[in-house]
Amino acid sequence: MADPVVASHLSLVLKAPPTISSPSHSLLQQHSKPMASSLNSAASLRLFASSSSSSSSAAARLSLRSTSLSFSSSLKSLAFSPLSRHKRGSAVSVSSTGGFSSVASPKCAASDPDQLKSAREDIKELLKSKFCHPILVRLGWHDAGTYNKNIEEWPRRGGANGSLRFEVELKHAANAGLVNALNLIQHIKDKYSGVTYADLFQLASATAIEEAGGPKIPMKYGRVDVSGPNECPEEGRLPAAGPPSPADHLREVFYRMGLNDKEIVALSGAHTLGRSRPERSGWGKPETKYTKDGPGAPGGQSWTVQWLKFDNSYFKDIKAKRDEDLLVLPTDAVLFEDPSFKVYAEKYAEDQETFFKDYAEAHAKLSNLGAKFNPPED
């Protein structure tokens, strides 16, 4: 994982993988400082937090509609469209020189089920070599997290539609560093032209959670991609890094997505993965005893001791308040301060099985937000 560290307020920090190859460095140089500063080392990706005016942040898109379909069964059930056999153009296609274009790509039909299965295996191999679980989770969340339930029109409503592949959206402050995630998986997209970006982003996110030891996410596939950068959502739909009232801010952002208090707390648990780097996000320590040796580029501050393992340590550690080397943001602390949030946070700290169950449902719901499916949903 291209050392992508982006700290953001309620960002569910995921672990960042080792430094990415040269293309990512040149890409960094072509973007704004907030983005460039968050790219060079495996760092923390906060999943659903956007940046404040004083620091880059990582916003996280969270909601996917929960579904009972398993990964394998959902793939088999996908109707296959002849259109999915045709190679689709890739907006923001990374070249050997590290540049990327904003060429619009045609709208595509449902992803090819066989190619989805193969892409998942390639993602698993990528995770083993790059330790990029955090940034891939963040990629899926940020593509989905722009959803606005008050807007019916697709794609204006935002959500999981592949729009994050375009430069205009990658440049949003909350998405600083996510160009690294795109670099990491672009070769998989090129290899499997029958898989949409919208599906690939969500597939990578769910696979990263599962491969880190987390629950199996009940995903469905067949999301349609937006066709051009003019269909990207406006900036400002993702959470802020330092809101004056953390609980109110979280509810404002996630209620707009159609998520409730239980889902907000469950999704916050993804902070069990990853770390934050102060030089990029303004949050955390430069280094702790848990991050000085990596994996990936050393440094940053993690939320948990084993920051590449998905479990309920995040809740346990916040509740214990014993370790100054572990990061606790205002939006983390408020989970045990707000009466409604606290009910779920206390439960998850004591019962990992319940946390896994609720997290899987919330993640699935998040990844479906705003998506347009082909074949259409029943």
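On a predicted model such as this, the values are computed, not experimentally measured, just so you know.
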Notebook entry, point to check: Is any side-chain heavy atom of Asp261 closer than 4.5 Å to a side-chain heavy atom of Phe254?
Noted result: no
Checklist line | Closest contact, heavy atoms only, Leu327 versus Ser276 | finding: CD2-CB, 3.6 Å
Notebook entry, point to check: For Ser340 and Asp338, does a side-chain donor sit closer than 3.5 Å to a side-chain acceptor?
Noted result: no
Check: Taking Ser268 for the side chain and Ile264 for the main chain, is one N or O donor matched with an acceptor at less than 3.5 Å?
Finding: yes
Notebook entry, point to check: Linking I/L/V/M/F/W/Y whenever their side-chain heavy atoms sit closer than 4.5 Å, directly or via other members, would Leu164 and Ile151 fall into one cluster?
Noted result: no
Next item on the list: Let me see the working for Asn230 and Val168 under side-chain contact (heavy atoms from CB on, under 4.5 Å), right down to the final yes or no.
Entry: CA-CA 9 Å; Asn230 61 308; Val168 63; over 6 Å; no
Notebook entry, point to check: Is a donor on one side and an acceptor on the other found under 3.5 Å between the side chain of Ser111 and the backbone of Thr196?
Noted result: yes
Check: Any side-chain donor paired with an acceptor under 3.5 Å for Asn368 and Arg223?
Finding: yes
Notebook entry, point to check: Could you go step by step and tell me if Leu139 and Leu184 meet the side-chain contact (heavy atoms from CB on, under 4.5 Å) rule?
Noted result: CA-CA 11 Å; Leu139 178 68; Leu184 284 168; over 6 Å; no
Item checked: Verify same cluster id: Tyr255, Val265 (apolar side-chain graph, 4.5 Å) -> yes
Notebook entry, point to check: Donor-acceptor pair, Asp225 side chain versus Ala198 backbone, under 3.5 Å?
Noted result: yes
Checklist line | Ser163 vs Phe201 side-chain heavy atoms within contact, under 4.5 Å | finding: no
Next item on the list: For residues Thr288 and Gln301, report the shortest heavy-atom separation together with the two atoms involved.
Entry: CG2-CG, 3.9 Å
Next item on the list: Mark yes or no for whether Asp332, through its side chain, and Leu329, through its backbone, hold a donor-acceptor pair below 3.5 Å.
Entry: yes
Item checked: The single option from Asp112, Leu116, Asp114 passing side chain to side chain contact (heavy atoms under 4.5 Å, CB included) against Val195 -> Leu116
Check: What are the two closest non-hydrogen atoms of Leu170 and Val179, and how far apart are they?
Finding: CD2-N, 4.0 Å
Check: How about Phe310 and Phe356: are their ring centroids closer than 6.0 Å?
Finding: yes
Notebook entry, point to check: How many angstroms lie between CG in Asn180 and CZ in Arg138, if you round to the nearest 0.5 Å?
Noted result: 9.5 Å
Note to self: Under 3.5 Å, is there a donor on one side chain and an acceptor on the other for Gln202 and Tyr197?
What the structure shows: no
Checklist line | Phe341 vs Phe336 side-chain heavy atoms within contact, under 4.5 Å | finding: no
Check: Quick one: does Lys191's side chain get under 4.5 Å of Asp122's, heavy atoms only?
Finding: yes
Next item on the list: Mark yes or no for whether Asn312, through its side chain, and Phe315, through its backbone, hold a donor-acceptor pair below 3.5 Å.
Entry: no
Next item on the list: Report yes if some heavy atom in the side chain of Val224 is under 4.5 Å from a heavy atom in the side chain of Trp154; otherwise report no.
Entry: yes
Notebook entry, point to check: Roughly how far, to the nearest 0.5 Å, is CD1 of Ile318 from CG of Leu326?
Noted result: 9.5 Å
Item checked: Sequence-distant partners of Tyr344, ring-ring contact (aromatic ring centres under 6.0 Å, His included), two or more places apart -> none
Check: Taking atom types as modelled, is there a side-chain donor on Glu231 or Ser227 under 3.5 Å from an acceptor on the other?
Finding: yes
Note to self: Is the shortest side-chain heavy-atom distance between Asp293 and Pro298 below 4.5 Å?
What the structure shows: no
Notebook entry, point to check: With a cut-off of under 6.0 Å to the ring centre and 45° to the axis, is Lys220 in cation-pi contact with Phe373?
Noted result: yes
Checklist line | Close side-chain approach of Pro215 and Ile209, heavy atoms under 4.5 Å | finding: yes
Margin query: Under 4.0 Å between a side-chain nitrogen and a carboxylate oxygen: does that hold for Glu167 and Lys171?
Written below: yes
Next item on the list: Go through Arg256 and Arg237 one step at a time and tell me if the side-chain contact (heavy atoms from CB on, under 4.5 Å) criterion holds.
Entry: CA-CA 9 Å; Arg256 186 209 70 219; Arg237 293 194 186 186; 3.6 Å; yes
Next item on the list: Verify side-chain contact (heavy atoms from CB on, under 4.5 Å) between Lys262 and Tyr348, making sure each step is shown before the conclusion.
Entry: CA-CA 10 Å; Lys262 180 174 77 171; Tyr348 298 154; 3.3 Å; yes
Note to self: Has Asn374 got a side-chain atom pairing as donor or acceptor with Pro376's backbone, closer than 3.5 angstrom?
What the structure shows: no
Note to self: If I take atom CG from residue Leu203 and atom NZ from residue Lys117, how far apart are they, to the nearest 0.5 angstrom?
What the structure shows: 12.5 Å
Item checked: Charged N-O contact under 4.0 Å between Glu210 and Arg120 -> yes
Check: Has Lys285 got more than 12 heavy atoms of other residues, nucleotides or ligands less than 6.0 Å from its NZ?
Finding: yes
Margin query: Please check: side-chain N/O of Arg157 versus main-chain N/O of Glu152, any donor-acceptor pairing under 3.5 Å?
Written below: yes
Notebook entry, point to check: Rounded to the nearest 0.5 Å, what separation is found between the CG atom of Leu267 and the NE2 atom of His363?
Noted result: 8.5 Å
Margin query: Would you compute the distance between atom OG of Ser205 and atom CE of Met219 and round it to the nearest 0.5 angstrom?
Written below: 7.0 Å
Notebook entry, point to check: Who passes side-chain hydrogen bond (donor to acceptor under 3.5 Å, both in side chains) against Glu346, sequence neighbours left out?
Noted result: Lys319
Next item on the list: Check whether any side-chain heavy atom of Ile188 sits under 4.5 Å from a side-chain heavy atom of Ile123, and report yes or no.
Entry: yes
Note to self: If we count only N and O atoms by modelled type, under 3.5 Å, do the side chains of Asp199 and Tyr192 hold a donor and an acceptor together?
What the structure shows: no
Check: How would you list, by chain and number, every residue that makes a side-chain hydrogen bond (donor to acceptor under 3.5 Å, both in side chains) with Lys357, sequence neighbours excluded?
Finding: Glu361
Check: Which atom pair, heavy atoms only, marks the closest approach of Gln115 to Ser193?
Finding: OE1-N, 3.4 Å
Next item on the list: Of all the heavy-atom pairs spanning Val226 and Pro155, show the shortest one and how long it is.
Entry: CG1-CB, 3.5 Å
Note to self: Return the CG to OG1 distance between Leu126 and Thr207, rounded to the nearest 0.5 Å.
What the structure shows: 10.5 Å
Check: Within the distance-only criterion (no hydrogens, no angle test), does the side chain of Glu211 pair as donor or acceptor with the backbone N or O of Ala208 below 3.5 angstrom?
Finding: no
Notebook entry, point to check: Which pair of non-hydrogen atoms, one from Thr272 and one from Thr304, has the smallest distance, and what is that distance?
Noted result: O-OG1, 2.7 Å
Check: Are Glu350 and Lys347 ion-paired here, with the side-chain N under 4.0 Å from a carboxylate O?
Finding: no
